[in-house]
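In this text, all values refer to a predicted model and were calculated from it rather than measured experimentally.
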Amino acid sequence: LEHLNIHDSDGSSSSSHQSLKSTAKWAASLENLLEDPEGVKRFREFLKKEFSEENVLFWLACEDFKKMQDKTQMQEKAKEIYMTFLSSKASSQVNVEGQSRLNEKILEEPHPLMFQKLQDQIFNLMKYDSYSRFLKSDLFLKHKRTEEEEEDSPDAQTAAKRASRIYNT
């Protein structure tokens with residue numbers, strides 16, 4: 001019975017259903033959080049307060065970079081990533097090992113996974129450090145409460161009653 005109900009709401013595209021599940025998704029894994037634009041937005045807000053927003057920005061930049069096909073674009077993006085996050089003069093330097101081995105020469109022959117090791121490092125850094133704090137933060141908990149309140153709103157209840165009527169025949 002329960003299962004049918006859940007299945008039913010997943011199939012619907014109503015935005016209220018999707019937002020209800022978002023904090024649960026974010027809390028399930030950092031991967032989920034980073035796949036959700038709203039999640040990324042909230043996480044960035046949190047990291048900004050912690051002065052480590054560059055981590056998630058670097059991660060997102062690497063994700064974009066991996067999807068690029070065009071060599072010229074790749075070169076430009078690789079340079080941009082290097083200058084923004086990895087060079088010793090970078091404005092938003094990320095703290096990774098092995099960035100010193102990344103030099104201008106590599107940037108001329110970019111390949112989609114050239115930043116992968118560094119991206120993984122940053123991912124783990126976020127996962128074991130800021131992500132766990134994010135889940136305890138007011139920012140996250142407030143969002144979660146808002147969702148729960150929406151869940152308890154009359155609309156949601158009538159929808160639930162309707163659904164239970166349908167399945168209790």
Peer 1: Taking 4.0 angstrom as the limit, do K71 and E109 come out as a salt bridge?
Peer 2: yes

Peer 1: Has D70 got more than 12 heavy atoms of other residues, nucleotides or ligands less than 6.0 Å from its CG?
Peer 2: yes

Peer 1: Hey, are the side chains of L30 and M126 touching, using non-hydrogen atoms and a 4.5 Å cut-off?
Peer 2: yes

Peer 1: At what distance, to the nearest 0.5 angstrom, does SG of C62 lie from NZ of K67?
Peer 2: 11.0 Å

Peer 1: Find out if a path of hydrophobic residues (ILVMFWY) with successive side-chain heavy-atom gaps under 4.5 Å connects L113 to F123.
Peer 2: no

Peer 1: Among residues at least two apart in sequence or on other chains, which ones pass side-chain contact (heavy atoms from CB on, under 4.5 Å) with A27?
Peer 2: L135, F140

Peer 1: I'd like to know if the side chain of S132 reaches the main chain of D129, judged simply by a donor and an acceptor atom lying under 3.5 Å from each other, with no hydrogens or angles considered.
Peer 2: yes

Peer 1: Between S22 and H143, what is the shortest heavy-atom contact and its length?
Peer 2: OG-NE2, 4.0 Å

Peer 1: Who pairs with D120 by side chain to side chain donor-acceptor pair (under 3.5 Å), at least two apart in sequence or on another chain?
Peer 2: Q116

Peer 1: Looking at side-chain heavy atoms only, is the closest gap between N95 and Q121 below 4.5 Å?
Peer 2: no

Peer 1: Within the structure provided, determine whether L34 and V56 are in side-chain contact (heavy-atom separation under 4.5 Å).
Peer 2: yes

Peer 1: Flag the pair S92 / L57 as yes when at least one side-chain heavy-atom distance between them is below 4.5 Å, and no otherwise.
Peer 2: no

Peer 1: What heavy-atom pair brings E54 and F85 nearest, and what distance separates the two atoms?
Peer 2: O-CE2, 3.7 Å

Peer 1: Please tabulate, one pair per line, all N/O donor-acceptor pairs under 3.5 Å involving side-chain atoms of residues 37-47, not counting sequence neighbours.
Peer 2:
residue: E38; atom: OE2; partner: R42; partner atom: NE; Å: 2.8
residue: E38; atom: OE2; partner: R42; partner atom: NH2; Å: 2.9
residue: R44; atom: NE; partner: E53; partner atom: OE2; Å: 2.6
residue: R44; atom: NH2; partner: E53; partner atom: OE2; Å: 2.9

Peer 1: What distance separates F134 CZ from L141 CG, expressed to the nearest 0.5 Å?
Peer 2: 9.0 Å

Peer 1: How many angstroms lie between atom OH of Y82 and atom NZ of K89, to the nearest 0.5 angstrom?
Peer 2: 7.5 Å

Peer 1: Mark yes when over 12 heavy atoms from residues, nucleotides or ligands other than K117 sit less than 6.0 Å from its NZ; otherwise mark no.
Peer 2: no

Peer 1: What's the separation between atom CE in M68 and atom CD in E76, rounded to the nearest 0.5 Å?
Peer 2: 8.5 Å

Peer 1: Over all heavy atoms of both residues, which pair between P112 and K66 is shortest? Give the atoms and the distance, please.
Peer 2: O-CG, 3.3 Å

Peer 1: To the nearest 0.5 Å, what is the distance between CD on Q119 and CD1 on I81?
Peer 2: 8.5 Å

Peer 1: When you look at V96 and L125, which way does the side chain to side chain contact (heavy atoms under 4.5 Å, CB included) test go after all the steps?
Peer 2: CA-CA 9 Å; V96 282; L125 182 75; over 6 Å; no

Peer 1: Considering all heavy atoms of both residues, which atom of A61 and which atom of K77 are nearest to each other, and what is their separation?
Peer 2: O-CE, 3.7 Å

Peer 1: Answer yes or no: is there a side-chain heavy-atom contact under 4.5 Å between F58 and L86?
Peer 2: yes

